[in-house]
Engineer: 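Have a look at the structure that comes next, please.
What you see is a predicted model; the values in this text were computed from it and never measured. Computed over heavy atoms, backbone and side chain alike; hydrogens, waters and symmetry mates excluded. We name chains A, B, ... by the order of the sequence lines, and we start the count at 1 in each one.
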Number of protein chains: 2
Amino acid sequence: MTKLQITVDIVLFTILERQLHVLLIRRLAEPFRGSYALPGGFVLENESVDEAAHRELQEETRVEKVFLEQLYTYGEPNRDPRGRVITVAYYALVANSHILRSSTDAADAAWFSLDKLPPVAFDHQSIIEYAQQRLRNKLDYSNVGFELLPEKFTLTELQLVHEAILGANLDKRNFRRKILQQGIVEPSKEWQKTGRKPAQLYRFVD
Amino acid sequence: MTKLQITVDIVLFTILERQLHVLLIRRLAEPFRGSYALPGGFVLENESVDEAAHRELQEETRVEKVFLEQLYTYGEPNRDPRGRVITVAYYALVANSHILRSSTDAADAAWFSLDKLPPVAFDHQSIIEYAQQRLRNKLDYSNVGFELLPEKFTLTELQLVHEAILGANLDKRNFRRKILQQGIVEPSKEWQKTGRKPAQLYRFVD
DNA sequence: TGACAAAGTGTCAAATGAACACTATATTAG
DNA sequence: CTAATATAGTGTTCATTTGACACTTTGTCA
């Protein structure tokens with residue numbers, strides 16, 4: 001009888017080059033050695049599952065305040081060839097300005113665009129797909145888009161985030177009207193001076 | 001070091017007397033002996049977590065085709081005084097016409113209205129609350145209401161289900177218009193003859 | 001046969017959502 | 001220096017959806 005183990009796996013999203021990307025780590029050990037997998041690890045004896053997810057996430061990112069939400073628990077008996085491993089999947093969002101830890105800068109971790117994923121280990125492919133679907137749904141009824149941006153951002157940047165998540169183009173005027181009349185952003189006094197015409201920087205409120 | 005164990009717990013909903021009810025089981029053993037808890041049990045060695053949930057559910061109900069969906073995984077280290085027990089919570093919906101197994105008819109299991117819950121064991125109170133919230137949300141964007149009704153039902157019965165879940169009264173004409181123009185029900189040729197004026201029976205399609 | 005209980009039905013106003021194109025302004029290249 | 005360019009920013013109209021609102025029909029039961 002093999003020992004039952006619980007892991008957490010994290011689908012960490014960011015926006016790069018206007019596209020939604022996921023962090024994957026190259027596996028150094030069997031099984032699936034050499035292929036990519038979601039970052040994650042075992043839940044320790046005296047920590048909650050949520051704490052384990054936070055801990056694993058902070059081994060990858062430097063920032064404290066990362067959006068992290070439980071996604072789904074995958075419990076097929078043969079999903080891991082090593083034995084009975086049930087995993088609680090989470091998804092997380094970081095602004096691309098947030099720098100990853102040096103361990104992550106190494107060759108063993110990399111960001112992948114969602115339409116150019118390499119083969120991934122275990123059932124991680126379907127975990128990633130489900131995380132993407134959840135994120136899309138969540139965008140409709142919440143302000144989750146801000147989690148992928150720095151503190152100050154232009155409305156165009158916010159629109160690009162929404163477009164990257166939804167995989168569709170949005171009308172600029174309709175988008176700005178909707179966001180502004182929701183009252184969830186306020187203009188800062190700063191302007192972004194890169195590019196051609198300067199754009200006003202906004203900040204998330206509430 | 002205590003052994004890690006995984007359980008499933010099921011929030012089984014039905015409608016009784018126009019109110020949403022939950023099935024609870026009186027605990028015969030310590031801890032929380034004598035108080036009520038959600039039906040559930042351990043995930044066995046060679047079954048998936050989903051299979052465990054189905055199995056536990058069918059120990060309570062006679063029907064095969066019960067709506068069952070994973071809810072959330074609760075993994076606080078001290079949520080069970082006996083040791084490290086992580087539970088994957090599910091919620092399920094049955095029509096009240098579906099009869100429970102005889103084991104459930106016994107005094108150890110009973111339906112409770114959600115606003116008259118007895119004290120419940122472990123963290124089951126918050127699991128129940130979260131299940132109710134999820135069900136409410138789901139009603140907005142899906143046809144989950146039919147799962148609480150028999151195959152044929154009147155539009156008034158469907159409206160009562162929605163009202164029970166939402167905890168609010170709905171306008172009869174607006175409700176009927178919305179349901180009918182969604183095209184998710186079709187009239188059968190039967191009429192319900194109980195009560196005063198007969199009502200047309202509908203059936204869920206698709 | 002009259003009272004009752006539940007079924008069934010339509011309109012209008014307000015809010016929301018979708019389509020659509022031009023002007024303003026700083027930068028950069030010639 | 002000035003013309004070309006790239007991006008910021010801005011309103012209106014129409015269609016659809018949503019929400020409020022009350023009376024008639026019909027079978028049952030007293």
Side-chain angles (χ1 to χ4, degrees), chain A residues 15 17-19 96 136-143 145-146 149-150 152-204, chain B residues 15 17-19 96 136-143 145-146 149-150 152-204:
Chain A
I15 303 277
E17 292 153 12
R18 303 189 171 185
Q19 300 279 318
N96 58 31
R136 276 185 190 168
N137 293 338
K138 188 126 186 153
L139 202 58
D140 282 340
Y141 61 89
S142 80
N143 303 321
F146 301 107
L149 288 171
K152 289 174 185 163
F153 50 86
T154 67
L155 292 184
T156 298
E157 287 169 338
L158 183 58
Q159 182 177 346
L160 289 171
V161 166
H162 280 242
E163 290 177 340
I165 293 175
L166 297 174
N169 293 329
L170 301 173
D171 180 89
K172 191 203 276 196
R173 282 168 292 186
N174 291 341
F175 179 79
R176 293 164 99 92
R177 179 183 40 186
K178 196 178 104 188
I179 294 292
L180 289 174
Q181 80 183 16
Q182 276 180 289
I184 53 181
V185 296
E186 63 179 14
S188 73
K189 281 161 190 158
E190 296 172 55
W191 294 73
Q192 187 176 72
K193 292 247 174 98
T194 64
R196 305 299 181 130
K197 181 177 173 181
Q200 183 148 31
L201 287 166
Y202 287 76
R203 177 190 299 117
F204 174 57
Chain B
I15 303 276
E17 292 154 12
R18 304 188 171 187
Q19 301 278 318
N96 57 33
R136 277 186 189 169
N137 293 339
K138 188 124 187 157
L139 202 58
D140 283 339
Y141 61 88
S142 80
N143 303 321
F146 302 107
L149 288 171
K152 289 175 185 163
F153 50 85
T154 67
L155 292 183
T156 298
E157 288 169 338
L158 183 58
Q159 182 175 345
L160 289 171
V161 167
H162 280 241
E163 289 178 339
I165 292 174
L166 298 173
N169 293 329
L170 301 173
D171 180 89
K172 192 203 276 196
R173 282 169 291 187
N174 292 341
F175 179 79
R176 293 165 99 93
R177 177 182 50 186
K178 196 177 104 189
I179 295 292
L180 289 174
Q181 80 182 17
Q182 276 181 291
I184 53 181
V185 295
E186 62 178 16
S188 73
K189 281 162 190 156
E190 295 172 54
W191 294 73
Q192 187 175 73
K193 291 245 174 99
T194 64
R196 305 301 180 131
K197 182 177 175 181
Q200 184 150 30
L201 287 167
Y202 287 78
R203 176 190 301 116
F204 173 58

Engineer: Can you tell me how far P of C:dA18 sits from CG of A:L170, to the nearest Å?
Structural biologist: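 After rounding, the reported distance stands at 10 Å.
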Engineer: From CZ of B:R18 over to C1' of C:dA6, roughly how many Å is that when rounded to an integer?
Structural biologist: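 Atom-to-atom, B:R18 to C:dA6, this comes out as 10 Å.
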Engineer: Working to the nearest 0.5 Å, report the span between CG of A:L170 and CD1 of A:I179.
Structural biologist: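 Interatomic distance, A:L170 CG to A:I179 CD1, rounded to 0.5 Å: 9.5 Å.
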Engineer: Which whole-number value in Å describes the distance from B:I179 CD1 to C:dG8 C1'?
Structural biologist: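 Checked: the CD1 to C1' distance equals 16 Å.
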Engineer: Using only modelled atom types and a 3.5 angstrom limit, is any donor from either the side chain of B:R177 or the base of D:dG19 paired with an acceptor on the other?
Structural biologist: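 Result: at least one qualifying N/O pair found.
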Engineer: Got a donor-acceptor pair under 3.5 Å from the side chain of A:K197 to the base of D:dA6?
Structural biologist: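 Such a pair does not exist between side chain and base.
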Engineer: In whole angstroms, how far is the P atom of C:dG17 from the NZ atom of A:K178?
Structural biologist: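 So the two atoms are 8 Å apart, to the nearest Å.
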Engineer: Quick check on DNA chain D: between A:R196 and B:D171, whose nearest nucleotide comes earlier from the 5' end?
Structural biologist: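 Checking each residue's closest nucleotide, the 5'-ward one belongs to A:R196.
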Engineer: Using atom CD of A:Q192 as one end and atom P of C:dT27 as the other, report the distance to the nearest whole Å.
Structural biologist: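 Interatomic distance, CD of A:Q192 to P of C:dT27: 13 Å.
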Engineer: Round to a whole Å and report the spacing from OH of A:Y141 to C1' of C:dT16.
Structural biologist: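 The distance from OH of A:Y141 to C1' of C:dT16 comes to 21 Å, rounded to the nearest Å.
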Engineer: Nearest of D:dG9, C:dA7, D:dG19 to any side-chain atom of B:N174?
Structural biologist: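 That would be D:dG19.
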Engineer: Taking A:R136 for its side chain and A:I165 for its backbone only, find out whether a donor-acceptor pair lies under 3.5 Å.
Structural biologist: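 Yes, the answer is positive, given that a donor and an acceptor are paired below the 3.5 Å cut-off.
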Engineer: At under 4.0 Å between heavy atoms, what does B:T156 touch on the DNA or RNA strands: base, sugar-phosphate, or nothing?
Structural biologist: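 Counting heavy atoms under 4.0 Å across all strands, the contact made by B:T156 is with sugar-phosphate only.
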Engineer: Rounded off to whole Å, could you give me the CD-to-P distance for the A:E157 and D:dT7 pair?
Structural biologist: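 In whole Å, D:dT7 P and A:E157 CD are 13 Å from each other.
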Engineer: Decide side chain to side chain contact (heavy atoms under 4.5 Å, CB included) for B:L180 and B:Y202; before the verdict, give the C-alpha distance in whole Å, the side-chain angles of both, and the deciding distance to 0.1 Å.
Structural biologist: CA-CA 10 Å; B:L180 289 174; B:Y202 287 78; 4.0 Å; yes
Engineer: When only distance counts, do a donor and an acceptor, one from the side chain of B:K172 and one from the base of C:dG8, lie under 3.5 Å apart?
Structural biologist: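 When only heavy-atom distances are counted, B:K172 does reach the base of C:dG8 through a donor-acceptor pair under 3.5 Å.
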Engineer: How many whole angstroms separate atom NZ of B:K193 from atom P of D:dG27?
Structural biologist: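 These atoms are roughly 9 Å apart.
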Engineer: Could you report the tightest heavy-atom contact between B:L155 and B:F175, atom names first, then the distance?
Structural biologist: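 The answer is O-CE2, 3.8 Å.
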Engineer: Looking at every non-hydrogen atom in both residues, tell me the closest pair between A:L158 and A:F146 and how far apart they are.
Structural biologist: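 Scanning both residues, the minimum pair turns out to be CD2-CE2, 3.7 Å.
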